[in-house]
Amino acid sequence: NCLLAEWSDWLLCDRTCGGGQTLRERSVAQPARLGGRPCSGGLRETADCNTHACSLAVMPCRVSHWSDWGICSTTCGIGQEMRNRKVLAMAQAGGVDCFLALREVRGCP
């Protein structure tokens with residue numbers, strides 16, 4: 001009887017958004033001989049992938065503008081002042097995550 005090999009891994013999707021296709025394959029491991037049963041089933045299989053709308057794809061993290069510098073921590077000598085910003089939107093669909101600084105500190109007289 002015919003024997004089919006195992007399916008390969010799925011290949012990468014041919015599109016990152018808007019609907020693409022992926023593919024996997026297999027081969028005949030042993031052809032039918034001397035009246036054995038022939039192979040049944042395909043050697044190639046496709047599937048839909050990345051069906052989400054492109055308008056949602058690759059949205060990076062967004063942060064606010066910096067706040068004003070705060071009040072110096074001391075009135076005499078060298079102190080510190082700080083300013084902040086906030087995350088407005090987290091990354092979506094593979095966008096760049098929020099690795100930006102959300103606080104800055106500097107010296108002040």
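Predicted model, so just to flag it, every value in this text is computed and none were measured.
- Side chains of Met82 and Arg103 form a contact here, defined as non-hydrogen atoms less than 4.5 Å apart.
- Going from atom NZ of Lys86 over to atom CH2 of Trp66 covers 13.0 Å, rounded to the nearest 0.5 Å.
- Atom CD of Gln30 is separated from atom CG of Leu3 by 4.5 Å, given to the nearest 0.5 angstrom.
- A distance of 9.5 Å separates CD of Glu45 from OG of Ser8, quoted to the nearest 0.5 Å.
- Taking each heavy atom of Glu6 and Arg26 in turn, the nearest pair found is O-CB, 3.5 Å.
- Under the 4.5 Å side-chain criterion, counting only non-hydrogen atoms from C-beta, Gln80 is not in contact with Thr74.
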Quiz prompt | Leu102 and Asn84: CA distance, side-chain angles, deciding distance, side-chain contact (heavy atoms from CB on, under 4.5 Å) verdict | solution = CA-CA 6 Å; Leu102 299 177; Asn84 300 297; over 6 Å; no

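- Residues Asn50 and Arg15 have side chains that never bring a donor and an acceptor to within less than 3.5 angstrom of each other.
- Here the closest heavy-atom approach between residue Asp14 and residue Gly20 is recorded as OD1-CA, 3.2 Å.
- Every pair passing salt bridge (charged side-chain N to carboxylate O under 4.0 Å, His left out) that includes a residue from residues 66-82 is listed here, sequence neighbours excluded: Glu81-Arg106.
- The CH2 atom of Trp7 lies 9.0 Å from the CG atom of Leu23; values are rounded to the nearest 0.5 Å.
- Counting heavy atoms from C-beta on, the side chains of Val28 and Cys2 come closer than 4.5 Å.
- Few gaps surround CG on Leu88; more than 12 heavy atoms of other groups in view lie less than 6.0 Å from it.
- Closest of all the heavy-atom pairs between Leu4 and Cys39 is CD2-SG, 3.7 Å.
- When all heavy atoms are compared, the tightest approach of Gln21 to Thr46 is NE2-OG1, 4.1 Å.
- Annotation for Cys98 and Ala89: closest pair SG-O, 4.3 Å, computed over non-hydrogen atoms.
- Within the 4.5 Å cutoff, the side chain of Arg24 has no heavy atoms near those of the Asp9 side chain.
- Residues Leu43 and Leu11 fall into different hydrophobic clusters, defined by Ile, Leu, Val, Met, Phe, Trp and Tyr side chains chained together at heavy-atom separations under 4.5 Å.
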